[in-house]
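The next block holds one structure in the form of structure tokens; read it before the comments.
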Amino acid sequence: HALYQVATKALLFKNDKLLLLSEANGTYDFAGGRIDSTEFEIPLSEALSREIREELGDEIQYELGDIAFVTKRFYVDNTGFKHHIIALYFTAKYTGGDIKLSDEHAHFSWVNPTEILANPEHFVSQDEFEQFKKYFTK
């Protein structure tokens, strides 16, 4: 059996634009990350809140919505080990605060979701691209 880590991610909207994070190599990412072992007893929304604060700063404010979709993605650590991840993508509405990007990402921008779909090669996995496409082309 495969072992999967679980991540919570936010599709953070500011009006009709989506917050897109990118890594130095151009790979797309979205705010959020893996749930820590100490977070088993807390709501998923709290684990996501911790990740958002770590990646976007303490000033960020948002209203969390429902789960939009679930994807399979992966992360290769600096030893070359590939971690398999199930990511739960929540919708969220940006309500204020300055973004102070952590060193986990190289850049952020607010983009139309259809712009992101034009570059499937920048998604971390084919499944993530397919689920993103299905959600945004309804």
Side-chain angles (χ1 to χ4, degrees):
H1 300 307
L3 295 177
Y4 285 85
Q5 295 176 337
V6 177
T8 52
K9 294 283 192 176
L11 297 171
L12 187 60
F13 288 93
K14 180 180 180 181
N15 301 317
D16 62 343
K17 302 287 185 177
L18 179 64
L19 181 66
L20 177 65
L21 306 177
S22 58
E23 297 177 10
N25 66 5
T27 301
Y28 292 159
D29 200 6
F30 304 91
R34 292 174 288 165
I35 297 171
D36 288 347
S37 61
T38 60
E39 295 175 318
F40 183 78
E41 299 294 331
I42 66 171
L44 293 171
S45 60
E46 289 182 30
L48 178 55
S49 177
R50 175 192 53 79
E51 281 287 346
I52 289 173
R53 284 190 317 275
E54 286 178 7
E55 294 181 356
L56 304 181
D58 290 330
E59 294 180 21
I60 193 80
Q61 298 168 24
Y62 62 94
E63 295 172 4
L64 191 63
D66 295 325
I67 293 176
F69 55 86
V70 177
T71 69
K72 293 180 286 184
R73 60 188 341 248
F74 63 88
Y75 163 72
V76 179
D77 66 23
N78 52 4
T79 69
F81 184 79
K82 187 176 185 179
H83 300 266
H84 293 88
I85 300 166
I86 297 295
L88 311 171
Y89 279 78
F90 288 81
T91 59
K93 179 183 174 186
Y94 171 82
T95 58
D98 290 332
I99 293 176
K100 293 187 171 65
L101 203 59
S102 75
D103 61 359
E104 290 183 48
H105 298 98
H107 180 69
F108 78 90
S109 56
W110 294 98
V111 299
N112 185 304
T114 57
E115 294 175 45
I116 300 170
L117 290 171
N119 298 295
E121 69 279 5
H122 291 286
F123 282 81
V124 72
S125 73
Q126 182 66 31
D127 185 66
E128 187 169 78
F129 170 73
E130 293 298 332
Q131 297 306 318
F132 194 93
K133 184 170 120 179
K134 185 189 297 184
Y135 183 77
F136 285 102
T137 57
K138 289 180 185 175

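These values consider heavy atoms only, across backbone and side chains, with no hydrogens, waters or symmetry-generated copies.
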Salt bridge (charged side-chain N to carboxylate O under 4.0 Å, His left out) contacts touching residues 23-32 (sequence neighbours left out):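 The answer is Lys9-Asp29, Asp29-Arg73.
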
Looking at Glu46 and Arg50, does any basic side-chain N land under 4.0 Å from a carboxylate oxygen?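 A salt bridge is absent here (no side-chain N lies under 4.0 Å from a carboxylate O).
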
If I take atom [atom1] from residue [X] and atom [atom2] from residue [Y], how far apart are they, to the nearest 0.5 angstrom?
X	Y	atom1	atom2	answer
Glu51	Thr8	CD	OG1	6.5 Å
Glu128	Lys133	CD	NZ	14.5 Å
Arg34	Gln5	CZ	CD	4.5 Å
Asp58	Lys100	CG	NZ	9.0 Å

Quick one: closest heavy-atom pair of [X] and [Y], and the distance?
X	Y	result
Asp16	Pro113	O-CD, 3.8 Å
Ser109	Val111	OG-CG1, 3.5 Å
Glu54	Ser102	O-CB, 3.3 Å

Are there over 12 heavy-atom neighbours, none belonging to Lys17, within less than 6.0 Å of that residue's NZ?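 Correct, the count exceeds 12.
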
Counting only heavy atoms not in Asp66, do more than 12 sit closer than 6.0 Å to its CG atom?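 No, because the 6.0 Å sphere around CG of Asp66 holds 12 heavy atoms or fewer from other groups.
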
Pick from Tyr135, Phe129, Phe136: which one makes a ring pair (Phe, Tyr, Trp, His ring centres under 6.0 Å) with Phe69?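 It is Tyr135, the one option of Tyr135, Phe129, Phe136 that forms the ring pair (Phe, Tyr, Trp, His ring centres under 6.0 Å) with Phe69.
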
Glu63: partners by side-chain contact (heavy atoms from CB on, under 4.5 Å), with sequence neighbours left out: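 For Glu63, the residues satisfying side-chain contact (heavy atoms from CB on, under 4.5 Å) (neighbours in sequence not counted) are Lys93, Thr95.
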
Taking side-chain contact (heavy atoms from CB on, under 4.5 Å) as the definition, give me every residue that meets it alongside Asn15, ordered by chain and number, with sequence neighbours left out.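 side-chain contact (heavy atoms from CB on, under 4.5 Å) list for Asn15, sorted by chain: empty.
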
Answer yes or no: is there a donor N or O on one side and an acceptor on the other, between the side chain of His122 and the main chain of Tyr28, under 3.5 Å?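 No; judged by distance alone, with no hydrogens or angles, the pair does not exist.
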
Any sub-3.5 Å donor-acceptor pair from Ser125's side-chain atoms to Lys72's backbone N or O?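 Yes, the answer is positive, given that a donor and an acceptor are paired below the 3.5 Å cut-off.
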
Using a side-chain heavy atom cutoff under 4.5 Å and only I, L, V, M, F, W and Y, what cluster partners does [X] have?
X	result
Leu48	Tyr4, Val6, Leu12, Leu19, Leu21, Ile35, Leu44, Ile52, Leu56, Ile60, Tyr62, Leu64, Ile67, Val70, Ile86, Leu88, Phe90, Tyr94, Ile99, Leu101, Phe108, Trp110
Ile85	Tyr75
Val76	Phe74, Val124

Does a donor on one side chain and an acceptor on the other come within less than 3.5 Å for Asp36 and Thr38?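 Not at all, the side chains of Asp36 and Thr38 share no donor-acceptor pair under 3.5 Å.
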
Would Asn112 and Thr114 count as having a side-chain donor-acceptor pair, cut-off 3.5 Å?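 Yes - a donor-acceptor pair under 3.5 Å links their side chains.
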
Output, in order, the C-alpha distance, side-chain angles, deciding distance and verdict of side chain to side chain donor-acceptor pair (under 3.5 Å) for Asn25 and Thr27. CA-CA 6 Å; Asn25 66 5; Thr27 301; 2.8 Å; yes

From CA spacing to verdict: side-chain contact (heavy atoms from CB on, under 4.5 Å), Phe132, Leu18: CA-CA 12 Å; Phe132 194 93; Leu18 179 64; 3.6 Å; yes

